[in-house]
Enquirer: 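Below: one structure in C-alpha coordinates.
We're numbering straight along the sequence, starting at 1. Just the heavy atoms: all of them, side chains too, but no hydrogens, waters or symmetry mates, feed the values below.
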Amino acid sequence: MRGWMRDLTDLALPTECGGCGSPPAVLCARCRALLERAEPRRVRPVPEPPGLPAVYAAAPYAREVRALLLAHKERGALALSGALGAALAGAVWAGLGPGRAGAESRAGPVILVPVPSARWAVRRRGHDPVRRMAVVAAGRLRRAGVPARVAGVLRQRRPVADQAGLDARRRRENLAGALEVRAGGAQLLVGGRVVLVDDLITTGASLAEAARALRAAAGTRWEPDMPVYRGATREGREERQIGPRAQRGKSVHGAPEKEPVNIIGSTVRAAVIAAPRDSFE
(Lines give C-alpha, C1' and ligand atoms only; values in the text may rest on other atoms or scores of the structure.)
Protein backbone atom coordinates (compact mmCIF):
# COMPACT_ATOMS: atom_id res chain seq x y z
CA MET A 1 0.00 0.00 0.00
CA ARG A 2 2.82 2.41 0.86
CA GLY A 3 4.48 1.84 -2.52
CA TRP A 4 1.17 2.37 -4.33
CA MET A 5 0.62 5.66 -2.53
CA ARG A 6 4.17 6.77 -3.36
CA ASP A 7 3.55 6.04 -7.05
CA LEU A 8 0.40 8.17 -7.01
CA THR A 9 2.22 10.98 -5.23
CA ASP A 10 5.03 10.90 -7.78
CA LEU A 11 2.51 11.21 -10.60
CA ALA A 12 0.96 14.36 -9.13
CA LEU A 13 3.99 15.85 -7.34
CA PRO A 14 7.23 14.47 -8.77
CA THR A 15 10.18 14.65 -6.40
CA GLU A 16 12.67 15.59 -9.10
CA CYS A 17 12.81 18.03 -11.99
CA GLY A 18 11.07 16.69 -15.06
CA GLY A 19 13.71 18.27 -17.26
CA CYS A 20 17.09 17.49 -15.72
CA GLY A 21 16.24 15.13 -12.85
CA SER A 22 17.62 17.33 -10.09
CA PRO A 23 15.73 17.26 -6.76
CA PRO A 24 13.48 18.34 -5.19
CA ALA A 25 11.25 20.54 -7.38
CA VAL A 26 9.03 19.39 -10.23
CA LEU A 27 10.71 22.07 -12.34
CA CYS A 28 14.05 23.53 -11.33
CA ALA A 29 14.92 27.18 -11.90
CA ARG A 30 17.27 26.42 -14.78
CA CYS A 31 14.77 24.32 -16.71
CA ARG A 32 12.01 26.81 -16.01
CA ALA A 33 14.22 29.52 -17.49
CA LEU A 34 14.65 27.48 -20.68
CA LEU A 35 10.91 27.80 -21.22
CA GLU A 36 10.36 31.32 -19.88
CA ARG A 37 13.25 32.88 -21.80
CA ALA A 38 12.51 31.11 -25.04
CA GLU A 39 11.95 33.32 -28.08
CA PRO A 40 9.30 31.65 -30.25
CA ARG A 41 10.04 31.64 -33.96
CA ARG A 42 8.62 30.34 -37.21
CA VAL A 43 9.51 26.73 -37.96
CA ARG A 44 9.39 24.74 -41.20
CA PRO A 45 9.98 20.98 -41.43
CA VAL A 46 11.89 19.66 -44.42
CA PRO A 47 10.16 18.47 -46.51
CA GLU A 48 7.20 20.73 -45.70
CA PRO A 49 3.90 18.87 -46.13
CA PRO A 50 1.24 20.42 -48.37
CA GLY A 51 -1.33 22.46 -46.45
CA LEU A 52 0.84 23.06 -43.39
CA PRO A 53 -0.13 26.39 -41.80
CA ALA A 54 2.43 28.84 -40.46
CA VAL A 55 3.83 27.21 -37.30
CA TYR A 56 5.58 28.94 -34.40
CA ALA A 57 7.53 27.01 -31.77
CA ALA A 58 8.77 28.13 -28.37
CA ALA A 59 11.94 26.06 -28.02
CA PRO A 60 14.09 23.41 -29.72
CA TYR A 61 13.10 19.82 -29.02
CA ALA A 62 16.26 18.73 -27.24
CA ARG A 63 17.52 17.59 -23.86
CA GLU A 64 15.60 19.25 -21.02
CA VAL A 65 12.69 20.48 -23.12
CA ARG A 66 12.27 17.01 -24.62
CA ALA A 67 12.39 15.48 -21.13
CA LEU A 68 9.78 17.93 -19.82
CA LEU A 69 7.34 17.15 -22.62
CA LEU A 70 7.77 13.41 -22.17
CA ALA A 71 7.39 13.65 -18.39
CA HIS A 72 4.13 15.54 -18.79
CA LYS A 73 2.75 13.43 -21.62
CA GLU A 74 3.88 9.91 -20.83
CA ARG A 75 4.58 9.91 -17.09
CA GLY A 76 1.70 12.09 -15.97
CA ALA A 77 3.75 14.90 -14.41
CA LEU A 78 0.70 17.14 -14.41
CA ALA A 79 2.39 19.83 -12.34
CA LEU A 80 4.40 20.72 -15.46
CA SER A 81 1.30 21.80 -17.37
CA GLY A 82 1.54 25.38 -16.06
CA ALA A 83 5.04 26.06 -17.38
CA LEU A 84 4.45 24.18 -20.62
CA GLY A 85 1.14 25.93 -21.19
CA ALA A 86 2.82 29.30 -20.65
CA ALA A 87 5.43 28.41 -23.28
CA LEU A 88 2.64 27.43 -25.66
CA ALA A 89 0.95 30.79 -25.05
CA GLY A 90 4.17 32.50 -26.05
CA ALA A 91 4.25 30.61 -29.34
CA VAL A 92 0.60 31.50 -30.02
CA TRP A 93 1.33 35.15 -29.24
CA ALA A 94 4.28 35.19 -31.63
CA GLY A 95 2.22 33.71 -34.43
CA LEU A 96 -0.65 36.18 -34.20
CA GLY A 97 1.35 38.98 -35.76
CA PRO A 98 1.43 42.76 -35.28
CA GLY A 99 -1.33 44.43 -33.28
CA ARG A 100 -2.43 41.13 -31.74
CA ALA A 101 -3.32 42.45 -28.29
CA GLY A 102 -5.29 45.42 -29.57
CA ALA A 103 -7.19 43.60 -32.28
CA GLU A 104 -9.96 42.17 -30.09
CA SER A 105 -12.82 44.14 -31.57
CA ARG A 106 -11.66 43.74 -35.16
CA ALA A 107 -10.38 40.19 -35.39
CA GLY A 108 -12.34 38.31 -32.74
CA PRO A 109 -11.09 35.99 -30.01
CA VAL A 110 -8.20 33.60 -30.35
CA ILE A 111 -9.54 30.05 -30.54
CA LEU A 112 -7.06 27.33 -29.65
CA VAL A 113 -7.87 24.02 -31.32
CA PRO A 114 -5.88 21.09 -29.89
CA VAL A 115 -4.68 18.42 -32.28
CA PRO A 116 -6.39 15.30 -30.91
CA SER A 117 -4.47 12.27 -29.71
CA ALA A 118 -5.60 8.77 -30.56
CA ARG A 119 -8.26 7.57 -28.15
CA TRP A 120 -6.13 4.60 -27.14
CA ALA A 121 -3.27 6.98 -26.26
CA VAL A 122 -5.49 9.15 -24.07
CA ARG A 123 -6.78 6.06 -22.27
CA ARG A 124 -3.27 4.75 -21.71
CA ARG A 125 -1.93 8.06 -20.41
CA GLY A 126 -4.98 8.84 -18.31
CA HIS A 127 -5.12 12.43 -19.55
CA ASP A 128 -5.06 14.58 -22.68
CA PRO A 129 -1.77 16.50 -22.45
CA VAL A 130 -2.30 18.85 -25.40
CA ARG A 131 -5.76 19.93 -24.28
CA ARG A 132 -4.49 20.45 -20.73
CA MET A 133 -1.69 22.73 -21.96
CA ALA A 134 -4.08 24.55 -24.30
CA VAL A 135 -6.35 25.44 -21.38
CA VAL A 136 -3.38 26.92 -19.53
CA ALA A 137 -2.27 28.82 -22.64
CA ALA A 138 -5.72 30.32 -23.14
CA GLY A 139 -5.72 31.52 -19.54
CA ARG A 140 -2.32 33.15 -19.96
CA LEU A 141 -3.45 34.92 -23.12
CA ARG A 142 -6.57 36.27 -21.40
CA ARG A 143 -4.49 37.63 -18.54
CA ALA A 144 -2.34 39.40 -21.15
CA GLY A 145 -5.42 41.08 -22.60
CA VAL A 146 -6.00 38.74 -25.55
CA PRO A 147 -9.46 37.11 -25.57
CA ALA A 148 -8.87 33.39 -25.94
CA ARG A 149 -10.62 30.07 -25.43
CA VAL A 150 -10.16 26.39 -26.24
CA ALA A 151 -12.37 24.57 -28.72
CA GLY A 152 -11.80 20.82 -28.88
CA VAL A 153 -13.63 20.44 -32.19
CA LEU A 154 -11.37 17.91 -33.91
CA ARG A 155 -11.66 14.17 -33.58
CA GLN A 156 -10.25 11.08 -35.25
CA ARG A 157 -12.68 9.60 -37.74
CA ARG A 158 -10.71 6.37 -38.12
CA PRO A 159 -7.94 4.54 -36.26
CA VAL A 160 -4.35 5.48 -37.06
CA ALA A 161 -1.10 3.67 -36.42
CA ASP A 162 1.45 4.85 -33.89
CA GLN A 163 3.51 7.55 -35.61
CA ALA A 164 6.74 6.56 -33.85
CA GLY A 165 9.22 5.14 -36.31
CA LEU A 166 7.40 6.34 -39.43
CA ASP A 167 9.15 8.61 -41.91
CA ALA A 168 7.57 11.80 -43.25
CA ARG A 169 5.85 10.14 -46.21
CA ARG A 170 4.39 7.31 -44.14
CA ARG A 171 3.20 9.74 -41.49
CA ARG A 172 1.30 11.72 -44.11
CA GLU A 173 -0.22 8.52 -45.48
CA ASN A 174 -1.09 7.32 -41.99
CA LEU A 175 -2.96 10.54 -41.16
CA ALA A 176 -4.50 11.38 -44.55
CA GLY A 177 -8.20 11.98 -44.00
CA ALA A 178 -8.01 10.77 -40.39
CA LEU A 179 -9.40 13.89 -38.71
CA GLU A 180 -12.73 15.66 -38.92
CA VAL A 181 -14.61 18.43 -37.17
CA ARG A 182 -17.21 17.19 -34.71
CA ALA A 183 -20.87 17.76 -35.50
CA GLY A 184 -21.65 21.36 -34.62
CA GLY A 185 -18.00 22.11 -33.95
CA ALA A 186 -17.63 24.49 -36.88
CA GLN A 187 -20.06 26.88 -35.22
CA LEU A 188 -17.66 27.25 -32.29
CA LEU A 189 -15.03 28.72 -34.60
CA VAL A 190 -17.13 31.46 -36.15
CA GLY A 191 -15.55 34.89 -35.93
CA GLY A 192 -12.35 33.77 -34.25
CA ARG A 193 -8.65 33.62 -35.01
CA VAL A 194 -8.07 29.88 -35.13
CA VAL A 195 -4.74 28.52 -33.91
CA LEU A 196 -4.04 24.80 -34.00
CA VAL A 197 -1.97 23.77 -30.99
CA ASP A 198 0.18 20.72 -30.29
CA ASP A 199 3.09 19.91 -28.03
CA LEU A 200 5.56 19.13 -30.81
CA ILE A 201 6.11 19.31 -34.54
CA THR A 202 8.42 16.88 -36.31
CA THR A 203 7.33 16.22 -39.92
CA GLY A 204 4.26 18.48 -39.74
CA ALA A 205 1.90 15.70 -40.83
CA SER A 206 -0.43 16.04 -37.83
CA LEU A 207 -0.81 19.81 -38.12
CA ALA A 208 -1.28 19.63 -41.90
CA GLU A 209 -4.05 17.05 -41.50
CA ALA A 210 -5.70 19.08 -38.73
CA ALA A 211 -5.65 22.19 -40.92
CA ARG A 212 -7.15 20.21 -43.81
CA ALA A 213 -10.02 19.05 -41.60
CA LEU A 214 -10.77 22.61 -40.49
CA ARG A 215 -10.70 23.92 -44.03
CA ALA A 216 -12.92 21.09 -45.21
CA ALA A 217 -15.51 22.03 -42.61
CA ALA A 218 -15.35 25.74 -43.30
CA GLY A 219 -14.32 26.59 -46.81
CA THR A 220 -17.17 25.85 -49.21
CA ARG A 221 -20.46 26.03 -47.38
CA TRP A 222 -22.68 28.72 -46.07
CA GLU A 223 -25.03 28.33 -43.11
CA PRO A 224 -28.50 29.85 -43.52
CA ASP A 225 -28.63 31.10 -39.94
CA MET A 226 -25.14 32.60 -39.83
CA PRO A 227 -25.23 36.41 -39.61
CA VAL A 228 -21.99 36.53 -41.60
CA TYR A 229 -22.46 37.79 -45.10
CA ARG A 230 -20.78 40.12 -47.49
CA GLY A 231 -22.63 43.40 -47.40
CA ALA A 232 -22.41 44.14 -51.12
CA THR A 233 -25.71 44.40 -52.98
CA ARG A 234 -26.65 44.56 -56.59
CA GLU A 235 -28.98 47.50 -56.05
CA GLY A 236 -28.80 49.88 -58.97
CA ARG A 237 -27.48 47.11 -61.22
CA GLU A 238 -29.86 44.15 -61.01
CA GLU A 239 -31.99 42.23 -58.56
CA ARG A 240 -30.46 39.56 -56.31
CA GLN A 241 -32.04 36.11 -56.26
CA ILE A 242 -31.92 34.59 -52.78
CA GLY A 243 -33.13 31.47 -51.05
CA PRO A 244 -32.62 27.75 -51.60
CA ARG A 245 -32.11 26.55 -55.17
CA ALA A 246 -35.66 25.19 -55.34
CA GLN A 247 -37.11 28.61 -54.52
CA ARG A 248 -34.95 30.69 -56.84
CA GLY A 249 -36.87 32.95 -59.12
CA LYS A 250 -38.03 35.05 -56.19
CA SER A 251 -36.06 38.26 -56.20
CA VAL A 252 -35.52 40.85 -53.51
CA HIS A 253 -34.32 44.22 -54.76
CA GLY A 254 -31.15 45.36 -52.97
CA ALA A 255 -30.84 42.24 -50.79
CA PRO A 256 -27.39 41.46 -49.37
CA GLU A 257 -25.50 38.83 -51.30
CA LYS A 258 -25.22 35.61 -49.31
CA GLU A 259 -22.07 33.76 -50.32
CA PRO A 260 -20.23 30.71 -49.02
CA VAL A 261 -18.62 31.79 -45.79
CA ASN A 262 -15.23 30.74 -44.54
CA ILE A 263 -16.22 30.46 -40.90
CA ILE A 264 -12.65 30.25 -39.67
CA GLY A 265 -11.39 33.27 -41.55
CA SER A 266 -8.75 33.35 -44.22
CA THR A 267 -5.86 32.05 -42.12
CA VAL A 268 -5.28 29.02 -39.93
CA ARG A 269 -2.22 29.32 -37.72
CA ALA A 270 -0.42 26.79 -35.57
CA ALA A 271 1.69 26.89 -32.42
CA VAL A 272 3.71 24.23 -30.61
CA ILE A 273 6.03 24.11 -27.65
CA ALA A 274 8.96 22.45 -29.38
CA ALA A 275 10.39 21.67 -32.82
CA PRO A 276 13.64 20.18 -34.14
CA ARG A 277 16.45 22.68 -33.90
CA ASP A 278 17.15 22.67 -37.63
CA SER A 279 13.54 23.63 -38.47
CA PHE A 280 13.77 27.11 -36.91
CA GLU A 281 14.02 30.01 -39.34
Enquirer: Of the non-hydrogen atoms in G18 and R75, which two are nearest, and what is the gap between them?
Expert: O-NH2, 4.3 Å
Enquirer: Are side-chain heavy atoms of L52 and P45 found at a separation under 4.5 Å?
Expert: yes
Enquirer: Evaluate V136 against L88 for side chain to side chain contact (heavy atoms under 4.5 Å, CB included), listing each step before the verdict.
Expert: CA-CA 9 Å; V136 173; L88 181 60; over 6 Å; no
Enquirer: Do L154 and L196 come close enough that some side-chain heavy atom pair is under 4.5 Å?
Expert: yes
Enquirer: Answer yes or no: does atom CZ of R158 have more than 12 heavy-atom neighbours from other residues, nucleotides or ligands under 6.0 Å?
Expert: yes
Enquirer: Can you tell me how far apart CZ (R169) and CZ (R172) are? Round to the nearest 0.5 Å.
Expert: 8.5 Å
Enquirer: How close do A144 and W93 get, heavy atom to heavy atom, and via which atoms?
Expert: CB-CZ3, 4.2 Å
Enquirer: Taking the side chain as C-beta and beyond, is there a heavy-atom pair between V197 and V150 under 4.5 Å?
Expert: no
Enquirer: In Å and rounded to the nearest 0.5 Å, what is the SG to CG distance from C20 to L68?
Expert: 8.5 Å
Enquirer: Can you tell me how far apart CG (D128) and NZ (K73) are? Round to the nearest 0.5 Å.
Expert: 10.0 Å
Enquirer: Distance check, rounded to the nearest 0.5 Å: R131 atom CZ versus S81 atom OG?
Expert: 13.5 Å
Enquirer: Would S117 and R125 count as a side chain to side chain contact (heavy atoms under 4.5 Å, CB included) here? Give the steps.
Expert: CA-CA 11 Å; S117 298; R125 293 167 182 153; 3.6 Å; yes
Enquirer: Can you tell me if CZ on R63 sees more than 12 non-hydrogen neighbours from other groups inside 6.0 Å?
Expert: no
Enquirer: Would one find more than 12 heavy atoms of other residues, nucleotides or ligands at under 6.0 Å from atom CD of E281?
Expert: yes
Enquirer: Quick one, R149 and L112 - any side-chain contact, counting heavy atoms below 4.5 Å?
Expert: no
Enquirer: Just jot down the salt bridge (charged side-chain N to carboxylate O under 4.0 Å, His left out) partners of R124, sequence neighbours excluded, or say none.
Expert: E74
Enquirer: Quick check: do L200 and V272 have side-chain heavy atoms less than 4.5 Å from each other?
Expert: no
Enquirer: Please round to the nearest 0.5 Å and tell me the distance separating atom CZ of R269 and atom OH of Y56.
Expert: 9.5 Å
Enquirer: Does the side chain of D199 reach to within under 4.5 Å of the side chain of M133, using non-hydrogen atoms?
Expert: yes
Enquirer: I want to check something: taking the side chain as every heavy atom from C-beta on, are L189 and V113 in contact at a cut-off of under 4.5 Å?
Expert: yes
Enquirer: Mind checking the OG1-CZ spacing from T203 to R170? Nearest 0.5 Å is all I need.
Expert: 13.5 Å
Enquirer: With side chain to side chain contact (heavy atoms under 4.5 Å, CB included) as the criterion, how do V146 and R193 come out once you've worked through the C-alpha distance, each side chain's angles and the decisive distance to 0.1 Å?
Expert: CA-CA 11 Å; V146 180; R193 293 173 283 175; 4.2 Å; yes
Enquirer: For T202 and R171, run side chain to side chain contact (heavy atoms under 4.5 Å, CB included): C-alpha distance rounded to whole Å, both residues' side-chain angles, the deciding distance at 0.1 Å, then the answer.
Expert: CA-CA 10 Å; T202 50; R171 288 190 177 206; 2.8 Å; yes
Enquirer: How far apart are the closest heavy atoms of A205 and P49, and which atoms are they?
Expert: N-CG, 4.3 Å
Enquirer: Provide the closest heavy-atom pair for V115 versus A210 in the form atom of the first, atom of the second, distance.
Expert: CG2-CB, 4.1 Å
Enquirer: With sequence neighbours excluded, tell me which residues meet side chain to side chain donor-acceptor pair (under 3.5 Å) with R155.
Expert: E180
Enquirer: Is there a side-chain contact between L179 and R157, using heavy atoms and a 4.5 Å cut-off?
Expert: no
Enquirer: Can you pull out every side-chain hydrogen bond (donor to acceptor under 3.5 Å, both in side chains) where at least one residue sits in residues 21-36? Sequence neighbours excluded, please.
Expert: R30-E64
